[in-house]
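Have a look at the structure below before the remarks.
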Amino acid sequence: MEFWASCLFRASFAHRSEMEFPPSRRNVGFCTGQPASNIPPARADSVECKPASTPPPLRPNMHSITRALRTIRISLLAPCASIVFTLGCAGTTKVASSPAAPTSLDSTTSTAEPNSAPIATAPPVRQVETFDAVWTTVRDSHFDKSLNGVDWVAVRDELRPAAIAAGSQDELRAILLDMLARLGQSHFTIIPGEVADRSPTISTPEKRAAAPTDDAVASTDGTDAADARSTATVTPVDAVDTPGVSGLDIALVDGEPTVLRVSPGLGGAKSGVLPGWTLVKVDGQNVSDSLRSLRDALALETDDASQHARLLRTELAVSGSALLTGRAGETSTATFATEDGTEIDVNIAFEPAPYGSTQFGNLPPLPVEVESRVIEVDADGAKPVRVGVISFNIWMTAASPAIDRAVDALRTCDGIVVDLRGNPGGVGAMSMGVAGHFLTETASLGSMIGRDNTLEFKASPRKVSTAGKRVRPYSRPLAIVVDARSASTSEVFAGGLQDLGRARVFGETSAGMALPAQAIELPNGDVLLHAIADFVTSKGVRLEGRGVVPDEAVTPTRASLLAGDDPAIDAAKAWIAGRTIAARNAKNAATALDAASVPTSMPNDSVPNSN
């Protein structure tokens, strides 16, 4: 369920060695293609595939292919999160090392190429088998039998001849991405084999763990249901060739990639980078050049509310952080514009993530970052209001212990803020486990609706601390902060608690990418990520294409960041302070009333007669 369109970006950019594209190919929008809502649902079982005698010209021209290839880079992180979500929650993911794809969809005419032996330097393209595997998988497993109103047979008939004529993996991927884009939904993408092969799940199938059962993940009982069943592995912080972190959170502010937050003790902070600085170049490459194609594509959108436009905005929102990535031990030279517009070059060292890195399923290794702090808010001379803030970059089980410890450490605070900005998602079951810290009774965050079944996400109160002591679930004010980069499990958590009335949400509308997905390996070695369910909150709100709409919309500005403020966090702590002070005043008033109602002396007629 995690199409974290931002986290994936990091993973893909962090593994540049084998999928390196020139700077001009780094950031582009998804392939064009809108759902044909006016066409009746496809009836593939009764329609023969009749390839044209002369293949029509490739629908996406070479510019479109280039855009598609760059999209692979950008969307990699998003899909991976989805894979994780499904493995953790749906319990249905299977990654086949060589799925049986039909050699032809035409029962009378076979155009399939014979299987060829793998080539050490480059796997065979296997166009027909791969195209048919993608098309058939989507047809048979999409949660909506009408495939979002798209005539899937017509799409096949249009694009299959071009796939047959594809001369390289890159051309084939462009066609497949074009086909998947016609659905107009998140969590449909192709992960190149060069990246997927980094995963032990793909390269060593014998190490795959059995998927959890639906019953095992449908609810939590004080522990994370996915913890004991995860296929994730945690890499030690001093391991070689692991993704590094800079400690810089770069978001789109006032239209430009801008430093939103700086984590203390990491490379960015050590180099003196400050919030509000604008990223201008990375290793000599202009950021504006890398973002131009995305901006141009977004400018061409006629429907600003369309799913395609939303996807483009999400890509643009996460692009800044995606550009500034590297392996642990590497260094990049970043050029920033400071407060007065002066451009300075800063060497950013990528360090091992404080909590190591984690690898799940087909995902490349991802760094794990968890931070917590306490902010004191002045209360007009009274006892300051203490607000705890917890932030983490990914919903992976490797982060669970640190998140649990952070909640335990902040239990005495007057309120807690969970900052999910830039968090693209991860293991869906974790949403239930973490939510349990803040619920006093069992409640549903929502439901995952598949083609033939429904799985409810029930969270139960967490009544045991990490030290093994009995505790009460945290019941004081809870705020959640999201932005356009918050996706998948982040949306399930925020939207679920918002609809339950347990949390107030601040910030910007989230990504609206909330479809549970799974992955299969394709005949050409690539991996198909495809959605297999929808998700709605307990009130029936569908998050896909809508996102979590904040109760209090707060948009950061460069001026506020340069002044040392964080508008979304400031709004959240102000709300908590207001609730806390009001509760204190009510308590004091009740105490005073009780004191006034207690008699100070006995009535005269109750005094015993001394006679």
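These numbers come from a predicted model, not from an experiment.
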_Donor-acceptor under 3.5 Å (E544 side chain, D534 main chain)_ = no

*For F392, what residues pass the ring-ring contact (aromatic ring centres under 6.0 Å, His included) criterion, not counting sequence neighbours?*
W395

_Value rounded to 0.5 Å, distance of OG1 in T454 from CZ in F143_ = 12.5 Å

*For the pair L252 and L316, evaluate side-chain contact (heavy atoms from CB on, under 4.5 Å) and give the outcome as yes or no after the intermediate values.*
CA-CA 8 Å; L252 208 65; L316 191 58; 3.7 Å; yes

*Keeping the roles fixed (side chain from T130, backbone from L522), state whether a donor-acceptor pair exists under 3.5 Å.*
no

*For R546, which residues count as a side chain to side chain contact (heavy atoms under 4.5 Å, CB included) partner, sequence neighbours excluded?*
V541, L543, V549

*asked:* If I take atom CZ from residue F535 and atom CD1 from residue I449, how far apart are they, to the nearest 0.5 angstrom?
replied: 9.0 Å

*Kindly give the heavy-atom pair with the smallest separation between A494 and V482, and that separation in Å.*
CB-CG1, 4.1 Å

*Passes side-chain contact (heavy atoms from CB on, under 4.5 Å), F188 versus H142? Steps please.*
CA-CA 10 Å; F188 285 95; H142 196 287; 3.4 Å; yes

*Ignoring hydrogens and angles, tell me if any N or O in the side chain of S488 forms a donor-acceptor pair with the backbone of M513 under 3.5 Å.*
yes

*What are the two closest heavy atoms between F131 and I175, and how far apart are they?*
CE1-CG2, 4.3 Å

*Is there a side-chain contact between L180 and L528, using heavy atoms and a 4.5 Å cut-off?*
yes

*Are any side-chain N or O atoms of S486 and backbone N or O atoms of L420, one a donor and one an acceptor, separated by less than 3.5 Å?*
yes

*Would R156 and D132 count as a salt bridge (charged side-chain N to carboxylate O under 4.0 Å, His left out) if you check the C-alpha gap in whole Å, the side-chain angles of each, and the deciding distance to 0.1 Å?*
CA-CA 9 Å; R156 177 195 63 190; D132 289 352; over 6 Å; no

*Identify the heavy atoms of R485 and A317 that sit nearest to each other, and give their distance.*
CD-O, 3.4 Å

*What's the verdict on salt bridge (charged side-chain N to carboxylate O under 4.0 Å, His left out) for E508 and R313, showing C-alpha distance, side-chain angles and the deciding distance?*
CA-CA 13 Å; E508 302 168 272; R313 285 195 297 272; over 6 Å; no

_Less than 6.0 angstrom from the centroid, inside 45 degrees of the normal: does R139 satisfy that with respect to the ring of W152?_
no

*Where does the angle between the aromatic ring planes of F493 and F438 fall among parallel (under 30°), tilted (30 to 60°) and perpendicular (over 60°)?*
perpendicular

*Where is the tightest heavy-atom contact between R295 and P257, given as atom of each residue plus distance?*
NH2-CD, 4.2 Å

*asked:* Which heavy atom of A511 sits nearest to which heavy atom of T314, and what is that distance?
replied: CB-OG1, 4.0 Å

*May I have the step-by-step check of side-chain contact (heavy atoms from CB on, under 4.5 Å) for M179 and V138, ending in yes or no?*
CA-CA 10 Å; M179 178 167 66; V138 173; over 6 Å; no

*Short side-chain to backbone donor-acceptor contact, D483 and G507, under 3.5 Å*: no

*Would you say the side chains of Q498 and D551 form a donor-acceptor pair under 3.5 Å?*
yes

_Which atom of Q127 lies closest to which atom of L172, heavy atoms considered_ = CA-CD2, 4.0 Å

*At what distance, to the nearest 0.5 angstrom, does CG of L500 lie from OG1 of T537?*
8.5 Å

_Under 3.5 Å: donor-acceptor pair, side chain of N524, backbone of D526_ = yes

_Would you compute the distance between atom OG1 of T189 and atom CZ of R173 and round it to the nearest 0.5 angstrom?_
11.0 Å

*Would you sort out whether S141 and H530 count as a side chain to side chain donor-acceptor pair (under 3.5 Å), showing the intermediate values?*
CA-CA 8 Å; S141 63; H530 61 103; 3.2 Å; yes

*Donor-acceptor under 3.5 Å (S510 side chain, E491 main chain)*: no

*Would you sort out whether R182 and D151 count as a side-chain contact (heavy atoms from CB on, under 4.5 Å), showing the intermediate values?*
CA-CA 9 Å; R182 307 294 181 89; D151 188 336; over 6 Å; no

*State the OG-CE distance between S460 and M432, to the nearest 0.5 angstrom.*
9.5 Å

